[in-house]
Amino acid sequence: MASLIPASAFAGPCNLLGKSLEELRAFLESLGEPAYRGAQIYHALYAERRFDFAGMTNLPAKLRERLAREALIALPRIMRKHISADGTIRYVLALDALAEDSAAKDSQKTARSLTPATIETVFMPEENRQTICISTQAGCAVDCHFCLTATLGLIRNLTAGEIIGQVLIALEENRAALKPQTNVVLMGQGEPLLNFDPVMAALRILLDPNAMAISAKHVTLSTSGIVPGIERLALEKVRPKLAISLNASSDEQRDEIMPINRKYPLEALLDACRRYPLRPWEHLTFEYVLLGGFNDSVDDARRVVKLLANLRSKVNLIPWNPGDLPYSKPDPARIEAFRKILADKDVRAFVRYSRGQDVMAACGQLALMEMGAGTQSLTQISPG
Ligand code: SAH
Ligand code: SF4
């Protein structure tokens, strides 16, 4: 968890977004206020989505004025909004260099965190729910060869506030049309388990019934297979569902498209999956991006069945979404043949066509592409 930095430790006002209940209580105490005021702010921020102190009317007027001077609630800024024909919205968000990072002890980390960055958040409306896909890093260092985000490299890690801020913004922007259920997927830019502490801090707020109150059943963290991260996640009291990007049926094949496989090969990865403590209602999800003519054969499907034996799991088959990369979409007949082999061997498998492809909002397409039609420039408009 991010350590509490008292307001006095830096010149600028303290950004409260992303702070835990304990951190907010301690911050209010550091101002000479009762700790329960911190709990009130925690509820106002995350449960009521109030982003200005003036609107927190259960706080005394004097305290609201003081907070307006000494603290701030800094949400990411919406730079662009790309709207797909299927209703999916891709937000391009600007992140500031944050004052609080200047208090970080590690000077290298400071330099990286101070970099302003641009990320993407995707809002997908459905009949009875909405799914919000959030980024955990700006860019990504993992370098999967079929994924456009990889071409950005790692720009920087996001803070807990920047991670939770994406969900808050997407909900606020679509406030009038919200459905009863919200799903959150950590499948935007970045590898969540390589930014573990801020991701966990954001998840605790997301899953806390006194904060954003999203059910753990509706939040999914997707990883390229960072084994030590999976082992750490297994020890957490509060955790989302876990999805693993398998994407290949052998080490040889996975090495070729996901260099991370050389560090954490299939045996180590699947071993960590077998040891992962699933809750009674839970299963692991394996994502398998189908790359036409590369990993979509009948033999591949048979090997996947073997790899996943003895795992309580399901498989999401994701036909590759095109980008400027040397792969092709799989043939529809091969997709169906692949799915059927899995299903016939009692491996639950679903074909997931990504939404928002026309505005580059689909899985693996998040690389800050500018679009023409369906684009609104929102540089003048602040959220809320
Ligand atoms: N970094 C994490 C989460 C973000 S990527 C991870 O890799 O799991 C989310 C999903 O998109 C992953 O399953 C990834 O394999 C998949 N993906 C990446 N590029 C894709 C593409 N071009 N088409 C379809 N899926 C893609
Ligand atoms: Fe990073 Fe995931 Fe893309 Fe791989 S697929 S480069 S881990 S975002």
Side-chain angles (χ1 to χ4, degrees), residues 90 119-122 124 131-158 163 166 183-196 199 203 219-227 229-230 233 240-249 253-264 269 273 284-292 294-296 304 313-330 335 349-358 360-369:
R90 176 166 66 102
I119 50 149
E120 287 153 309
T121 302
V122 180
M124 288 164 276
T131 299
I132 302 170
C133 174
I134 58 173
S135 298
T136 54
Q137 299 180 305
C140 184
V142 177
D143 200 24
C144 304
H145 295 170
F146 49 82
C147 171
L148 271 186
T149 307
T151 62
L152 300 172
L154 177 64
I155 298 157
R156 74 159 163 87
N157 281 328
L158 302 196
I163 297 168
Q166 295 170 66
N183 289 8
V184 176
V185 295
L186 283 67
M187 296 187 188
Q189 289 186 19
E191 167 47 59
L193 296 183
L194 290 181
N195 187 21
F196 196 91
V199 164
L203 284 169
V219 180
T220 303
L221 180 154
S222 172
T223 178
S224 56
I226 310 296
V227 170
I230 295 171
L233 189 64
K241 293 199 297 180
L242 180 60
I244 318 276
S245 297
L246 182 65
N247 297 344
S249 67
Q253 200 180 52
R254 202 164 187 265
D255 283 350
E256 209 178 302
I257 53 171
M258 299 179 74
I260 194 76
N261 193 64
R262 295 195 197 110
K263 199 162 181 188
Y264 308 115
L269 174 58
C273 290
L284 290 170
T285 298
F286 287 91
E287 294 145 302
Y288 193 99
V289 179
L290 289 162
L291 303 166
F294 180 80
N295 63 359
D296 62 345
V304 168
S313 64
K314 72 161 187 181
V315 176
N316 281 344
L317 298 170
I318 314 171
W320 182 67
N321 298 311
D324 192 11
L325 295 169
Y327 295 94
S328 28
K329 286 185 182 193
I335 300 175
F350 305 89
V351 181
R352 304 282 191 213
Y353 290 94
S354 305
R355 297 180 56 183
Q357 294 191 33
D358 55 338
M360 297 299 280
C363 296
Q365 291 187 320
L366 299 183
L368 306 169
M369 298 271 288

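Order of appearance sets the numbers: ligands from 1, and atoms from 1 within every ligand.
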Query raised in the report: Rounded to the nearest 0.5 Å, how far apart are SG of Cys140 and CG of Leu148?
Result: 12.5 Å
Report summary line: Logged contact type for Asn247 with ligand 1, heavy-atom cut-off 4.0 Å, is side chain
Report task. Start with the C-alpha gap between Thr285 and Thr220, add the side-chain angles, then the distance that decides, and say whether side chain to side chain contact (heavy atoms under 4.5 Å, CB included) holds. Result -> CA-CA 9 Å; Thr285 298; Thr220 303; 5.6 Å; no
Query raised in the report: What protein heavy atom sits nearest atom 2 (Fe) of ligand 2, and how far off is it?
Result: Gly190 O, 4.5 Å
Report summary line: To the nearest 0.5 Å, atom CG of Leu246 lies from atom CG of Asn261 at 9.0 Å
Query raised in the report: Which pairs with one or both residues in residues 134-154 pass side chain to side chain donor-acceptor pair (under 3.5 Å), sequence neighbours excluded?
Result: Gln137-Asn157
Query raised in the report: Who pairs with Phe286 by ring-ring contact (aromatic ring centres under 6.0 Å, His included), at least two apart in sequence or on another chain?
Result: none
Report summary line: So OH of Tyr264 and CD1 of Ile230: to nearest 0.5 Å the spacing works out to 9.5 Å
Query raised in the report: For the side chain of Asn195 and the backbone of Leu158, is there at least one donor-acceptor N/O pair under 3.5 Å apart?
Result: yes
Query raised in the report: N/O of Trp320 under 3.5 Å from N/O of ligand 1, yes or no?
Result: yes
Query raised in the report: Gly190 to ligand 1: N or O pair under 3.5 Å?
Result: yes
Requested in this report: Output yes when the distance from some N or O of ligand 1 to some N or O of Phe146 is under 3.5 Å, and no in every other case.
Outcome: yes
**Report entry** Among Gln365, Glu287, Gln189, closest by any non-hydrogen atom to atom 10 (C) of ligand 1
**Finding:** Glu287
Report task. Test Glu120 against every option in Gln365, Gln166, Gln189 by the side chain to side chain donor-acceptor pair (under 3.5 Å) rule and name the one that passes. Result -> Gln189
Query raised in the report: Are any of the heavy atoms in Gly188 under 4.0 Å away from ligand 1?
Result: yes
Query raised in the report: Which of the listed options, Ile260, Thr223, Val289, Leu194, holds the heavy atom that is closest to atom 16 (C) of ligand 1?
Result: Val289
**Report entry** Residue list, side chain to side chain contact (heavy atoms under 4.5 Å, CB included) with Tyr353, at least two apart or on another chain
**Finding:** Pro319, Ile335, Val351
Report task. Calculate, to the nearest 0.5 Å, the distance between atoms CH2 and CG belonging to Trp320 and Leu290 respectively. Result -> 12.5 Å
Query - Protein N/O/S atoms closer than 2.8 Å to atom 3 (Fe) of ligand 2 - result: Cys147 SG
Requested in this report: Heavy-atom distances under 4.0 Å are what count here, so tell me which part of Ile318 touches ligand 1: side chain, backbone, both or neither.
Outcome: side chain
**Report entry** Mode of Tyr327 contact toward ligand 1 - side chain, backbone, both, neither (heavy atoms, under 4.0 Å)
**Finding:** neither
